[in-house]
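Accompanying notes for the structure given below.
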There are 2 protein chains.
Amino acid sequence: MTTPAQGLHTHVLDTLGLEIAAGDCPPGRVLRTDELARRFDVSRTVVREVIRVLESMHLVESRRRVGVTVRPTEEWNVYDPQVIRWRLAGSDRPRQLRSLTVLRSAVEPVAAGLAARNATAEHCAALTECALGMVATSRGQQLEGYLRHDIAFHRIVLNASGNEMFARLGDVVAEVLAGRTHHQVMFEDPDPAAVTLHVRLAEAVREGDAEGAERLTKEIAVGALHELDVLAP
Amino acid sequence: MTTPAQGLHTHVLDTLGLEIAAGDCPPGRVLRTDELARRFDVSRTVVREVIRVLESMHLVESRRRVGVTVRPTEEWNVYDPQVIRWRLAGSDRPRQLRSLTVLRSAVEPVAAGLAARNATAEHCAALTECALGMVATSRGQQLEGYLRHDIAFHRIVLNASGNEMFARLGDVVAEVLAGRTHHQVMFEDPDPAAVTLHVRLAEAVREGDAEGAERLTKEIAVGALHELDVLAP
DNA sequence: GCCTCTTGAATAAGTCGTATGTAATGCGTT
DNA sequence: AACGCATTACATACGACTTATTCAAGAGGC
């Protein structure tokens with residue numbers, strides 16, 4: 001493993017989190033603190049701090065006399081960006097991407113509608129800039145550049161909605177888009193229809209057309225879901 | 001104060017979390033570990049574990065030589081049920097309830113549509129039972145009983161959707177419903193229209209009517225938002 | 001004889017105090 | 001202005017003690 005380990009705590013936490021998220025430690029498995037201390041060659045102090053964090057994410061439960069038991073998946077705090085990252089790195093990434101994309105399809109249309117009502121001039125300017133960037137990078141194997149603009153675009157919409165809960169999903173969407181781009185075959189250029197929809201969405205938001213923005217975002221989401229259907233198991 | 005303190009760690013964590021969420025420690029304020037240790041009369045070990053947890057929630061940031069600084073609200077992990085509970089206990093509960101209810105209005109209709117497609121017989125049975133319970137407790141100042149059924153109802157819909165991200169919002173919805181019931185004046189019985197909508201929603205799910213379920217859930221959400229408009233500042 | 005309740009020992013996490021390492025800040029010197 | 005040293009507060013470590021929980025053995029009742 002030999003991670004550069006910018007901090008012992010971070011290293012142990014990341015390793016354990018990844019293992020649990022990947023299912024290497026199935027629910028019910030018990031870990032012992034001193035065992036972990038020996039395994040990672042750190043003090044029990046560090047291990048206990050890591051356990052406390054994993055406990056706050058509901059990934060494990062620590063009980064006296066019995067040890068640290070891994071909790072069933074249904075109890076995890078799956079909205080924690082850290083947990084999402086760990087799970088997307090694991091084996092059931094396709095299933096994970098699917099449930100996250102369904103979440104997007106529910107949230108983003110409503111957020112776009114609100115954005116059309118609440119967006120500031122700065123939001124609109126940034127949005128059109130991103131849309132133009134997506135157009136510019138939509139051809140010729142510039143998927144990384146396209147991804148950057150795509151992430152920024154959706155983040156702006158979520159922020160412009162004015163709703164804090166939506167805004168905080170920006171990181172989740174970013175993980176989904178990045179995971180999708182990097183996971184699937186990267187031969188093809190992005191769907192031209194999607195690019196057009198983004199441009200039109202930026203226009204709708206600028207013009208304050210809430211219903212249009214919501215509808216266009218729904219179309220984008222449907223496209224993303226369809227793409228997953230075609231390319232994922 | 002004077003918590004029974006089922007665990008030193010829990011007590012310190014809860015107290016600090018509440019204070020930060022309530023804004024008693026504004027963003028930028030620095031806390032010192034040994035200062036906290038003295039204040040709570042616990043060892044620095046306990047304080048450090050608490051800090052690590054708060055750090056994993058992005059409520060604070062710990063840097064050497066400078067101390068533990070409270071992070072701005074926009075960076076908090078606002079989907080962590082613990083954070084939600086702390087914030088709902090604080091002063092800007094109305095604003096918080098509003099943004100959470102908007103989130104519900106985006107997510108629950110889609111979840112209900114999926115539930116209509118995916119619900120098992122057990123789900124449907126439990127759902128109608130909850131709906132009947134809501135009807136039975138909808139009159140005569142039985143708000144606590146009504147709340148219990150209401151929470152169970154929405155949790156079942158979210159679970160029946162088959163989408164993990166939706167299912168994990170059950171706790172959030174429960175907090176919102178509980179917060180709404182306990183915060184506002186509890187004189188009046190619940191809105192009869194809402195009760196009817198829930199009954200019809202249970203029917204729609206049982207009959208596999210996805211569009212109907214989605215539409216009915218939207219109506220429930222609109223009603224909840226309207227109620228907030230009327231009763232909140 | 002079998003079942004139940006009590007009691008006690010073993011175990012592993014919880015807590016604490018202290019010692020040492022380490023990085024960032026601030027001040028003073030050149 | 002730039003460099004370097006001292007200070008500071010967190011990071012890590014270790015070991016001893018405490019406490020809660022579990023499991024099992026034994027006492028008692030049926």
Side-chain angles (χ1 to χ4, degrees), chain A residues 1-17 19-20 25-72 75-76 82, chain B residues 1-17 19-20 25-72 75-76 82:
Chain A
M1 284 288 107
T2 71
T3 324
Q6 147 252 338
L8 285 181
H9 176 84
T10 310
H11 172 236
V12 177
L13 180 63
D14 250 46
T15 309
L16 272 182
E19 285 185 11
I20 294 174
C25 301
R29 160 79 78 57
V30 288
L31 310 167
R32 242 62 72 94
T33 51
D34 51 356
E35 188 179 296
L36 293 171
R38 264 181 288 119
R39 172 181 160 197
F40 288 103
D41 194 34
V42 296
S43 72
R44 261 184 64 220
T45 313
V46 173
V47 172
R48 297 194 75 267
E49 287 168 9
V50 169
I51 295 299
R52 280 264 138 88
V53 171
L54 292 175
E55 206 174 12
S56 85
M57 296 168 172
H58 282 72
L59 264 62
V60 302
E61 187 180 10
S62 175
R63 283 172 58 200
R64 273 176 160 149
R65 159 74 206 190
V66 61
V68 178
T69 65
V70 179
R71 302 179 76 155
E75 298 177 8
W76 296 355
Q82 179 89 86
Chain B
M1 283 299 153
T2 72
T3 324
Q6 147 253 339
L8 284 181
H9 175 85
T10 309
H11 173 235
V12 176
L13 180 62
D14 249 45
T15 309
L16 272 182
E19 286 185 8
I20 295 173
C25 302
R29 158 81 79 58
V30 288
L31 310 168
R32 242 62 72 93
T33 52
D34 51 355
E35 188 179 299
L36 293 172
R38 265 180 290 120
R39 172 182 159 194
F40 288 103
D41 194 33
V42 295
S43 74
R44 275 179 47 236
T45 311
V46 174
V47 173
R48 298 195 71 267
E49 288 169 9
V50 169
I51 296 299
R52 279 264 136 89
V53 172
L54 292 175
E55 205 173 14
S56 84
M57 296 169 173
H58 282 73
L59 289 180
V60 302
E61 186 181 12
S62 176
R63 283 173 58 201
R64 276 174 157 147
R65 160 71 204 189
V66 63
V68 178
T69 65
V70 179
R71 302 178 76 156
E75 299 178 8
W76 297 353
Q82 178 88 87

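Chain identifiers are assigned alphabetically (A, B, ...) following the order of the sequence lines, protein sequences preceding nucleic acid strands; residue numbering begins at 1 within each chain. In this text, all values refer to a predicted model and were calculated from it rather than measured experimentally.
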Counting only side-chain nitrogens and oxygens, does B:R63 get under 4.0 Å of the OP1 or OP2 atom of D:dA11?
no
Less than 4.0 angstrom between a side-chain N/O of B:R65 and OP1 or OP2 of C:dG26, yes or no?
no
Is B:S62 touching bases, backbone alone, or none of the nucleic acid, heavy atoms closer than 4.0 Å?
sugar-phosphate
Whole angstroms only, please: what is the CG-P distance between A:D41 and D:dT12?
14 Å
Contact under 4.0 Å: A:T33 side-chain N or O vs C:dA13 OP1/OP2:
yes
If you assign each of B:T45 and B:L31 to its closest nucleotide in DNA chain D, which residue comes earlier from the 5' end?
B:L31
Taking only side-chain nitrogens and oxygens of B:R64, does any of them come within less than 4.0 Å of OP1 or OP2 of D:dA11?
no
Would you tell me if any nitrogen or oxygen in the side chain of B:R48 comes within less than 4.0 Å of OP1 or OP2 on D:dA11?
yes
Across the strands shown, which category fits A:R44 at heavy-atom distances under 4.0 angstrom: base, sugar-phosphate, nothing?
base
State plainly whether the residues A:E49 and B:R44 are in salt-bridge range, i.e. N to O under 4.0 Å.
no
Could you check how far CZ of B:R38 sits from P of C:dG17, rounded to whole Å?
13 Å
Looking only at C:dT15, D:dC14, D:dT12, the nucleotide nearest the A:R52 side chain is C:dT15
If you assign A:S43 and A:V66 each to the DNA chain D nucleotide with the nearest heavy atom, which residue ends up on the more 5' nucleotide?
A:S43
